[in-house]
Asks: 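Can you read through this structure? Questions will come right after.
Atoms within a ligand are numbered from 1 in the order they appear, just like the ligands themselves. This structure is a prediction, so every number in the text was calculated from the model and none was measured.
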Amino acid sequence: MTLSTPAPIHPGHELRDSALRQLDSAARALNLDPGMHKFLSTPERTLIVSVPVMLEDGQLEVYTGYRVQHSTGRGPGKGGIRFHPGVTLEEVEGLAMLMTWKCAVTDLPLGGAKGGVAVDPHRLTRRQVERLTKRYTAAILPIIGPERDIPAPDVNTDESTMAWIVDTVTMMTGQHSPEVVTGKPIELGGSRGRTEATGRGVAFVTLEALKRAGRLPENTRVAVQGFGNVGSVTAKGLAEAGCKIVAVSDVSGGYAAPYGIDIPGAIEHVRRHPKRMLEGLPGLSKISNAELIAMDVDVLVPAALEGQITSANVHEVRAKIIVEGANGPITADADRKLADRGVVIMPDILANAGGVVVSYFEWVQSRAQFYWELDEVERRLEIYMRRASDLVLAKTKVYDCTPREAAFIVAVERVASAIEKRGIFP
Ligand code: GLU
């Protein structure tokens, strides 16, 4: 038997500290009661589980899994599950807190939660990932459920992962339980438009930011870091709106073309070669991740992982607008430096909220057993995204602050007010 203890490869504690610092600054602006501030700084519930997986050769591997519910003040916990070797308790805590603010800023009747397993799923077979998912689900079952906490996909998880969760809960409870997760396959009660929702929302928020900056999409050059579900759909949406996508990247590396990349072609390439990803896409020059971040573009969309723009590389960033497709891609220090330089940052809790907005629609549809057409989903998504971005941008004027500070102010005020109205139990 071997114990697997993967070393963190990205700074989860930094993400949690940034989330806490952003809460502190919103608390100051709102003159928040110190007790409430303390309550909102701490997760309501944390579960750490051991996830043993029997490999084909009879060897037992043991991974560590987490589910953190940061706040259920406005409704059941909501948030994705990620499988990544860098998952730590601190990272999951920070991400759970971001989910609370994301659901509040978009005015969903949901709280914030997150889960993860410290594992590199690319080193496992599909069968092993299925077993890992099912064992992890069984371990967190006591605290999840459609009225308690509703998981969804996140980094390295997708609709198959959600289908395995539905199966586990159904087998363990004896009740068909599709409403326990969102981001399910359509055949199992998933919502139309859920897979594309995050990227569509990121593209929408980017175009709003361009409009406010008085820039035309046709004159806008964009670099997108990450070409998974979020980055690829964002790039496609922005290209359709007329923007020139001059660089993209994924774990296989970065690729650039000064006159613009054929995004539908790149998506098709990745679909045909899922293991190679963007590698081998013709007509592009290979660049490094550091070069992509430093490219001379108008808009940079970090849509991969957290901690990508830090005090070490912030001076190299040349984009005037940054839209956070990922959660926490800019560290707190780098964020301050960029704001001082006048760079407009559309924050994660607003920019990538499209996914959880359609997750909310999916939860509603699953509970009602009544499914909407795609145009209905898209129409309602736009209403939620527009309302949230208009409110956040209006608050930047009221408080004379950045969009991030404004988004936190809106969210923290809503969560604190719900908790105050309920009163502290008992
Ligand atoms: N994982 C996504 C996020 O970070 C979606 C969460 C959800 O739909 O619950 O926003």
Asks: For R194, is the nearest heavy atom under 4.0 Å from an atom of ligand 1?
Replies: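 Under 4.0 Å: yes for R194.
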
Asks: Counting non-hydrogen protein atoms only, what is the nearest one to atom 9 (O) of ligand 1? Give residue, atom name and distance.
Replies: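 Protein heavy atom with the smallest distance to atom 9 (O) of ligand 1: K78 NZ, 2.8 Å.
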
Asks: When the ring planes of F361 and W372 are compared, do they come out parallel, tilted or perpendicular, using 30° and 60° as the limits?
Replies: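 Geometry flag for W372 against F361: tilted rings.
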
Asks: Could you tell me whether ligand 1 has any atom less than 4.0 Å away from a heavy atom of K114?
Replies: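 Checking ligand 1 against K114, which is what was asked, there is a heavy-atom contact under 4.0 Å.
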
Asks: Looking at G79, which atoms of ligand 1 are within less than 4.0 Å of one of its heavy atoms?
Replies: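 Per the distance check, 9 (O).
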
Asks: Of the options K114, H84, H13, R82, which is the one that meets E91 in a side-chain hydrogen bond (donor to acceptor under 3.5 Å, both in side chains)?
Replies: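 The side-chain hydrogen bond (donor to acceptor under 3.5 Å, both in side chains) with E91 is passed solely by R82 among K114, H84, H13, R82.
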
Asks: Are E196 and K236 ion-paired here, with the side-chain N under 4.0 Å from a carboxylate O?
Replies: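 Not counted as a salt bridge, because no side-chain N and carboxylate O are separated by less than 4.0 Å.
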
Asks: Between Q225 and N289, do the side chains contain an N or O donor and an N or O acceptor separated by less than 3.5 Å?
Replies: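 Yes, side-chain donor-acceptor contact under 3.5 Å.
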
Asks: Mark up the atoms of ligand 1 that fall under 4.0 Å of a heavy atom belonging to K102, in ascending order.
Replies: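 Contacts of ligand 1 toward K102, numbered from 1: 3 (C), 4 (O), 10 (O).
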
Asks: Quick one: does any side-chain atom of E413 pair with a main-chain N or O of V410 as donor and acceptor, under 3.5 Å?
Replies: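 Side chain of E413 to backbone of V410: no pair is present.
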
Asks: Compute the shortest N/O to N/O distance between N352 and ligand 1 and return yes if it is under 3.5 Å, no if not.
Replies: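 No, no N or O pair falls under 3.5 Å.
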
Asks: Which residue and atom name correspond to the protein heavy atom nearest atom 8 (O) of ligand 1, and how close is it?
Replies: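 Result: S359 OG, 2.5 Å.
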
Asks: State if P153 counts as touching ligand 1 under the rule of any non-hydrogen atom under 4.0 Å.
Replies: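 True for this residue.
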
Asks: Distance to 0.1 Å, residue and atom name: give those for the protein heavy atom nearest to atom 7 (C) of ligand 1.
Replies: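 Heavy-atom neighbour on the protein nearest atom 7 (C) of ligand 1: A152 CB, 3.3 Å.
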
Asks: Hey, is R212 close enough to D390 for a salt bridge, meaning N to O under 4.0 Å?
Replies: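 Result for this pair is yes, salt bridge flagged.
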
Asks: Would you kindly specify which portion of N327 sits under 4.0 Å from ligand 1, judged on non-hydrogen atoms: side chain, backbone, both or neither?
Replies: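 Near ligand 1, N327 shows its side chain, while the N, CA, C and O stay back.
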
Asks: Heavy-atom contacts with M99 under 4.0 Å: which atoms of ligand 1 show up? List them by number with element.
Replies: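 The atoms of ligand 1 under 4.0 Å from a heavy atom of M99 are 3 (C), 4 (O), 6 (C), 10 (O).
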
Asks: Going by an N to O cut-off under 4.0 Å, is there a salt bridge joining E93 and R16?
Replies: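 Yes, charged N to carboxylate O under 4.0 Å.
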
Asks: Once you measure the plane-to-plane angle for Y136 and F83, does it fall in the parallel (<30°), tilted (30-60°) or perpendicular (>60°) bin?
Replies: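 Rings of Y136 and F83: perpendicular, as their planes differ by over 60°.
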
Asks: Just need the protein heavy atom nearest to atom 1 (N) of ligand 1, so name the residue and atom and give the distance.
Replies: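 Nearest neighbour among protein heavy atoms for atom 1 (N) of ligand 1, to 0.1 Å: D154 OD1, 2.7 Å.
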
